[in-house]
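A quick write-up on the structure given underneath.
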Amino acid sequence: MRVYPAIDIKNGKCVRLYQGDFAKETVVNPNPVEQALTFQKQGASYLHIVDLDGALNGEPVNLALIKEIGVKTGLAIQVGGGIRDMRQVAAYLNSGISRVIIGSSAVSSPEFVHEAISQYGEKIVIGIDAKNGFVATNGWLETSDITFTDFAIQMEKLGAKTLIFTDVGRDGTLSGPNFEQLSALQSAVNCAIIASGGVKNRADLVALKNQNLAGAIAGKALYSGLLSFKEILEVENEC
């Protein structure tokens, strides 16, 4: 299982939100590039970056900054937030980003997902953000009428190979992942699943690995010191 350290960018700074609430923002590092370099020095091989400004505005607001992170760290990066069309997908992938995450637009425009996957294959990842079991969209400000499992099945039929699942209610809370919903997702589709939201410590990562998840995203636990990179590397390397 791969563990992805998270960098959420808002107003040019590295921040953490609580339950996806933009009003509950904490700046954890005013310089995202420095934060990325810190993760690199600690042993990261891959970064999970979210352009929160992009999620709100529907444009890759922080593209230049994210590209700079890629150039200066040399790390593989998956990026989400505000990716709404093929032009934006191409802008990221042509700048050296490894994978792009399509979230809200996958709900409103499945034909966009189909086109993106047809052209870029496994470089396209689908982000499924759930509130009370239903898919949340537009920076988590709205909730659709489709369940996360039904949505995952639709995405798999369109060719998606990797899903990132976030229980919005647990994001930034350090309350532990939603193992029940992750299990339901595993039963619904054969996609690789990356768990996001609620990870608080090494034990959570071990539990996710034992559940045969493909990956996990760690944010607040890393920034608060409840989880160390030494522990992440131990879990990744354990048989």
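Keep in mind that what you see is a predicted model, and the values were worked out from it rather than measured.
- The minimum heavy-atom distance between Ser95 and Leu63, with the atom names listed, is OG-CD1, 4.1 Å.
- For the pair Asp51 (side chain) and Val61 (backbone), a donor-acceptor distance under 3.5 Å is present.
- Taking all atoms of both residues into account, the shortest heavy-atom contact from Ile83 to Ile101 is CD1-O, 3.5 Å.
- Inter-residue side-chain proximity for Ile164 and Ile128 is flagged as unmet; no heavy-atom pair is nearer than 4.5 Å.
- Between atom CG of residue Asp171 and atom CG of residue Asn178 there is a gap of 12.5 Å, rounded to the nearest 0.5 Å.
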Stepwise side chain to side chain contact (heavy atoms under 4.5 Å, CB included) check, Ile77 with Tyr92: CA-CA 10 Å; Ile77 296 173; Tyr92 273 120; over 6 Å; no
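- Looking at Gln78, its side chain never comes within 3.5 Å of a backbone N or O of Val100 through a donor-acceptor pair.
- Judged by distance alone, the side chain of Thr38 and the main-chain N or O of Glu34 form a donor-acceptor pair under 3.5 Å.
- A 4.5 Å side-chain heavy-atom check between Val89 and Leu93 finds at least one atom pair inside the cut-off.
- For Asn132, the CG atom is loosely surrounded, since the number of other residues' heavy atoms within 6.0 Å does not exceed 12.
- The closest donor-acceptor contact from the side chain of Lys220 to the backbone of Lys200 lies at 3.5 Å or more, if one exists at all.
- Annotation for Arg84 and Gly58: closest pair CG-O, 3.6 Å, computed over non-hydrogen atoms.
- A salt bridge links Glu59 with Arg87; the closest basic N to acidic carboxylate O contact falls under 4.0 Å.
- Leu56 is not listed as a side-chain neighbour of Leu52, based on a closest heavy-atom distance of 4.5 Å or more.
- At a threshold of 4.5 Å between side-chain heavy atoms, the hydrophobic network of Ile, Leu, Val, Met, Phe, Trp and Tyr places Phe165 and Phe151 in one connected group.
- Between the side chains of Thr137 and Ser104, no donor-acceptor pair of N or O atoms lies under 3.5 Å.
- Distance alone, capped at 3.5 Å, places no donor-acceptor pair between the Asn62 side chain and the Leu65 backbone.
- Checking side-chain atoms of Lys157 against main-chain N and O of Ala152 turns up no donor-acceptor pair under 3.5 Å.
- Side-chain contact check for Ile194 versus Leu163: every heavy-atom pair is 4.5 Å or farther apart.
- Looking only at side-chain heavy atoms (C-beta outward), Asp204 and Arg202 stay at 4.5 Å or farther from each other.
- Formation of a donor-acceptor pair under 3.5 Å by the Thr166 side chain with backbone atoms of Val168 is not found in this model.
- At a threshold of 4.5 Å between non-hydrogen side-chain atoms, the residues Ile69 and Pro32 count as touching.
- The structure places NZ of Lys161 at 7.5 Å from SG of Cys191, a figure rounded to the nearest 0.5 Å.
- In this structure a side-chain-to-backbone donor-acceptor pair under 3.5 Å is present from Asn94 to Ala90.
- In this structure, the side chains of Ile66 and Ile97 come closer than 4.5 Å at one or more pairs of heavy atoms.
- Contact detail for Ser144 and Val107: the closest heavy-atom pair is CB-CG1, 4.3 Å.
- A 6.0 Å sphere centred on CG of Asn210 holds more than 12 heavy atoms belonging to other residues, nucleotides or ligands.
- With rounding to the nearest 0.5 angstrom, the NZ atom of Lys67 is 13.0 Å from the NZ atom of Lys72.
- Annotation for Ile102 and Ala116: closest pair CD1-CB, 3.9 Å, computed over non-hydrogen atoms.
- Nearest heavy-atom pair across Gly82 and Gln88 is O-OE1, 3.0 Å.
- Shown here are the ring-ring contact (aromatic ring centres under 6.0 Å, His included) partners of Tyr223, two or more places apart in sequence or in another chain: Phe39.
- Pairs of residues two or more places apart, or lying in two chains, that qualify as side-chain hydrogen bond (donor to acceptor under 3.5 Å, both in side chains) and include a residue from residues 111-125 are Ser109-Glu111.
- The line from CG of Leu222 to CD of Gln42 is 7.5 Å long, rounded to the nearest 0.5 Å.
- Leu208 is listed as a side-chain neighbour of Leu182, based on a closest heavy-atom distance under 4.5 Å.
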Please tabulate, one pair per line, all N/O donor-acceptor pairs under 3.5 Å involving side-chain atoms of residues 2-15, not counting sequence neighbours.
{"residue": "Tyr4", "atom": "OH", "partner": "Arg99", "partner atom": "NH2", "Å": "3.1"}
{"residue": "Asp8", "atom": "OD2", "partner": "Arg16", "partner atom": "NH1", "Å": "3.0"}
{"residue": "Lys10", "atom": "NZ", "partner": "Glu25", "partner atom": "OE1", "Å": "3.1"}

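- Within the model, atoms CD1 of Ile126 and CD1 of Ile193 stand 13.0 Å from one another, a figure rounded to the nearest 0.5 Å.
- For the atom pair CD of Glu238 and NZ of Lys209, the computed distance is 6.0 Å after rounding to the nearest 0.5 Å.
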